[in-house]
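In what follows, a structure is listed as structure tokens, so that the remarks can point back to it.
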Amino acid sequence: MIHRFAAVLVAFTLALFPALSSAQPLRIEITEGVVEPMPFAVPTFVAETSEGAQYAEELSRVVADDLIGTGLFREIPRDAHISRVSSFAAPVQFADWKAINAQALITGAVSADASGRVVVKFRVWDVFAGTELGQGMQFASTSDGWRRLAHKVADQVYSRLTGESPYFDSRVVFVSETGPKNERQKRLAIMDYDGANVQYLTDSSSIVLAPRFSPDGSRVLYTSYETGFPRIHILSVGDVNSRILQSNEGVMSFAPRFSPDGSMVVYSLTQGSNTDIWAMDVASGATRRLTSGPAIETAPSFSPDGTQIVYESDQSGTQQLYIMPAMGGEGTRISFGEGRYGTPVWSPRGDMIAFTKQNAGRFHIGVMRTNGSEERLLTASFLDEGPTWAPNGRVIMFSRETQGAQGATALYSVDISGRNLKRVRTPAGASDPSWGPLQ
Amino acid sequence: MKLATKAVLLVAALGLAACTNPNRFDNADAGALGPNAGGANAGFVPGSVDDPTSTAYFTQRVGDRVLFAVDQSTLSPEARTVLDGQAQWLLTNSDYLAIIEGHADEQGTREYNLALGARRANSVMEYLVSKGVPSSRLKFISYGKERPIEICSEESCYAKNRRAVTVISASSLTG
């Protein structure tokens with residue numbers, strides 16, 4: 001059912017030029033202040049074979065879109081370009097790119113052969129210094145993986161220009177939604193981070209909720225009503241086989257999430273009126289109860305080092321965020337602002353926690369330090385919820401639902417600075433995103 | 001479930017065939033008032049809303065749902081009255097099982113609303129058990145905010161969505 005991405009990606013450095021040691025490399029600093037996007041130019045990549053022509057235009061377009069999408073870069077339109085790049089090996093006419101104020105220049109070439117193998121090579125230039133930034137590289141894949149090649153190139157450019165780890169070559173698993181609010185049909189789906197290549201993992205015969213990628217992206221945990229009760233399922237992305245993970249029949253289990261090493265799952269289990277957090281060893285199925293109070297404890301998320309768990313509890317009377325040791329124990333409350341806090345997710349860098357906040361009839365996605373300080377709300381709307389971190393911890397994706405009888409869901413992303421809020425294009429309504437690892 | 005549906009339809013069809021009494025509508029009210037009235041002889045269509053042993057009667061006359069205040073799972077006096085009727089019906093019609101479905105309005109996060117719906121459904125279940133309904137005949141499930149019946153984003157709709165619905169399952173017919 002799912003077409004498995006069969007590309008072989010090969011990366012190697014094009015060591016044609018000696019590595020240049022620039023004292024002040026071209027760099028855009030990602031800070032809290034307002035950022036003036038760095039102007040860059042991406043001339044259409046050179047097609048080095050006739051088969052390569054069909055990919056050259058689209059591939060260079062995706063590279064540019066990835067960079068523009070960060071809000072950190074501004075593309076200089078191609079019709080403003082003075083130089084035409086007709087050969088990958090030709091010397092760069094820096095004066096022509098300076099004249100249109102392109103600070104960064106990305107040149108590339110694409111070749112493809114009859115067997116369907118696509119190869120892209122690229123270089124990044126610091127126009128005003130007149131030097132190459134890093135070294136040229138090339139990536140290869142089968143033809144159906146051409147978008148990944150573009151994301152790989154853009155990831156390299158992003159890393160070189162920001163000094164940050166990248167996130168474009170990643171996927172998102174989410175819930176695709178169709179139909180009105182009172183007859184909503186939900187299906188599990190997976191897509192590239194930018195909304196391309198959507199594939200469905202389940203049909204809409206039962207409610208599915210809140211999928212979560214494993215740290216290596218090979219498995220997905222989700223909650224399904226397939227048996228009539230909400231229960232946790234685990235799905236292998238490769239062959240789309242799923243099985244029930246939590247085995248107590250007629251007992252509700254939900255809100256699962258993997259441990260950083262993928263061996264454990266933390267989740268909520270409801271017994272009577274009480275919902276607590278449990279942990280399960282995936283291989284053995286052995287379970288352990290981590291919370292035991294009469295309150296609702298749910299939405300657990302591990303710290304990246306695996307030693308702690310952040311979760312929400314209404315033990316104080318309203319939903320608030322707490323941190324406890326990974327083996328269970330007393331929770332320490334970290335949220336103290338106005339309103340309710342839920343769905344905490346630990347950042348991949350370990351320094352921040354993203355959450356959903358509900359206050360005065362509005363919903364917000366926010367971030368705070370792990371001790372609860374420096375709370376910052378990134379969004380505000382009728383209903384925002386369920387943040388998930390980009391692999392580099394710089395961007396958050398979440399669900400937004402609009403108000404009223406025609407209310408519909410969509411995915412949005414926002415920088416952790418609160419800038420660059422934008423909708424992620426999906427073919428239908430969408431909710432509950434989980435951002436997978438860099439591939 | 002298919003078997004159950006067929007069986008119910010069959011019973012309903014037999015009932016229709018037996019309904020030759022021209023005064024059946026007059027008698028239906030009398031039948032409905034009797035605590036244990038039932039069957040074609042009582043003058044109403046068995047399985048219809050006038051048949052006190054029917055699930056339609058349970059849903060519409062007894063009342064299959066109770067409503068909750070925002071973020072609450074405590075039972076109001078009105079809710080207790082409805083549940084008293086539900087308990088009475090379940091004790092009288094002892095062949096039936098019931099699944100109590102808990103729901104929340106859309107103003108909340110998904111996971112929390114699942115747990116909140118469970119709290120509400122469990123409140124109902126505990127109340128029914130306290131009135132003598134064997135817990136072996138009851139189950140509960142939460143749909144959180146996944147199954148609203150009203151779709152506007154105003155309190156008039158939210159109030160109806162914050163509910164626990166007792167769904168009768170015809171276990172006696174499936175054997």
Side-chain angles (χ1 to χ4, degrees), chain A residues 175 180-184 186 207-210 223 225 228-230 250-255 267-276 295-300 311-314 317-319 340-343 355-358 361 363 382-386 399 401-407 431-432, chain B residues 1 68 70-75 97 99-127 129-130 135-158 160-161 163-164 167 169:
Chain A
V175 173
K181 277 160 103 174
N182 57 347
E183 265 179 82
R184 197 59 53 89
K186 295 194 168 194
I207 302 172
V208 288
L209 305 173
T223 302
Y225 281 69
F229 278 77
V251 173
M252 287 178 42
S253 57
F254 55 98
Y267 60 98
S268 273
L269 187 71
T270 296
Q271 294 170 307
S273 65
N274 186 21
T275 296
D276 277 314
I296 290 172
E297 270 98 31
T298 188
Y311 63 100
E312 64 173 76
S313 169
D314 68 351
T318 60
Q319 284 170 279
R340 302 151 168 252
Y341 296 78
T343 74
F355 54 84
T356 304
K357 178 164 173 164
Q358 197 181 341
F363 280 74
F382 168 69
L383 211 179
D384 286 349
E385 72 171 305
S399 309
E401 179 143 16
T402 53
Q403 191 167 0
Q406 304 302 317
S431 63
D432 293 1
Chain B
M1 287 303 286
F68 295 86
V70 174
D71 203 23
Q72 295 300 311
S73 57
T74 50
L75 299 170
L97 303 180
I99 296 177
I100 301 138
E101 300 177 346
H103 300 266
D105 67 36
E106 69 187 357
Q107 290 186 300
T109 50
R110 200 176 308 290
E111 295 86 349
Y112 185 81
N113 277 350
L114 274 178
L116 178 59
R119 260 188 193 161
R120 287 172 175 161
N122 187 67
S123 290
V124 168
M125 182 164 142
E126 286 185 347
Y127 188 85
V129 169
S130 78
S135 59
S136 59
R137 290 172 56 202
L138 303 173
K139 272 189 192 174
F140 74 87
I141 180 176
S142 174
Y143 286 95
K145 60 176 174 177
E146 304 304 316
R147 286 285 179 267
I149 46 169
E150 300 291 335
I151 59 174
C152 75
S153 296
E154 286 146 35
E155 175 54 25
S156 60
C157 288
Y158 294 161
K160 292 177 186 164
N161 289 335
R163 68 201 192 275
V167 178
S169 69

Original post:
Highest number of heavy-atom pairs under 4.5 Å with chain A: which of B:A115, B:S153, B:S142?
Top reply: B:S153
Subject >> Atom pair OH (B:Y143) and CD1 (A:I207), whose distance is rounded to the nearest 0.5 Å >> reply: 6.0 Å
**OP:** To the nearest 0.5 Å, tell me how far B:L116 CG sits from A:T298 OG1.
**Re:** 12.0 Å
Original post:
What are the residues of residues 102-110 of chain B, in order of number, with any heavy atom under 4.5 angstrom from a heavy atom of chain A?
Top reply: B:E106, B:Q107, B:G108, B:T109, B:R110
Subject >> When A:P180, A:G272, A:G342, A:G407 are compared by non-hydrogen pairs under 4.5 Å with chain B, the top option >> reply: A:G272
**OP:** Report the distance from atom CZ of A:F229 to atom NZ of B:K139, rounding to the nearest 0.5 Å.
**Re:** 5.0 Å
Original post:
For A:D314, is it the side chain, the backbone, both or neither that has a heavy atom under 4.5 Å from a heavy atom of chain B?
Top reply: side chain
Original post:
Which bit of A:Q403 is near chain B, if near means a heavy-atom gap under 4.5 Å: side chain, backbone, both or neither?
Top reply: both
**OP:** Tell me, for A:S268 versus chain B, whether the close heavy atoms (under 4.5 Å) come from the side chain, the backbone, both or neither.
**Re:** neither
**OP:** Check whether A:I296 gets within reach of chain B through its side chain, its backbone, both or neither, counting any heavy atom under 4.5 Å.
**Re:** both
Subject >> Worked check of salt bridge (Lys or Arg N to Asp or Glu O under 4.0 Å) between B:K145 and A:E401 >> reply: CA-CA 13 Å; B:K145 60 176 174 177; A:E401 179 143 16; 5.7 Å; no
**OP:** Would you give the length of the straight line joining atom CD of A:Q406 to atom SG of B:C152, rounded to the nearest 0.5 angstrom?
**Re:** 12.0 Å
Subject >> Region of A:F254 in contact with chain B, defined by heavy-atom distances below 4.5 Å >> reply: side chain
**OP:** Could you tell me the separation between the CZ atom of B:F140 and the OG atom of A:S273, rounded to the nearest 0.5 Å?
**Re:** 8.0 Å
Original post:
Nearest 0.5 Å, what's the CD-CD distance between A:E297 and B:E111?
Top reply: 14.0 Å
**OP:** Name all residues meeting the side chain to side chain contact (heavy atoms under 4.5 Å, CB included) criterion together with B:I151; count only those two or more places apart in sequence or in a different chain, and write none if there are none.
**Re:** A:K181, A:N182, A:A405
Subject >> Minimum side-chain heavy-atom gap A:L209-B:L114 below 4.5 Å >> reply: yes
**OP:** Go through the atoms of B:I149 and report whether side chain, backbone, both or neither lie under 4.5 Å from a heavy atom of chain A.
**Re:** backbone
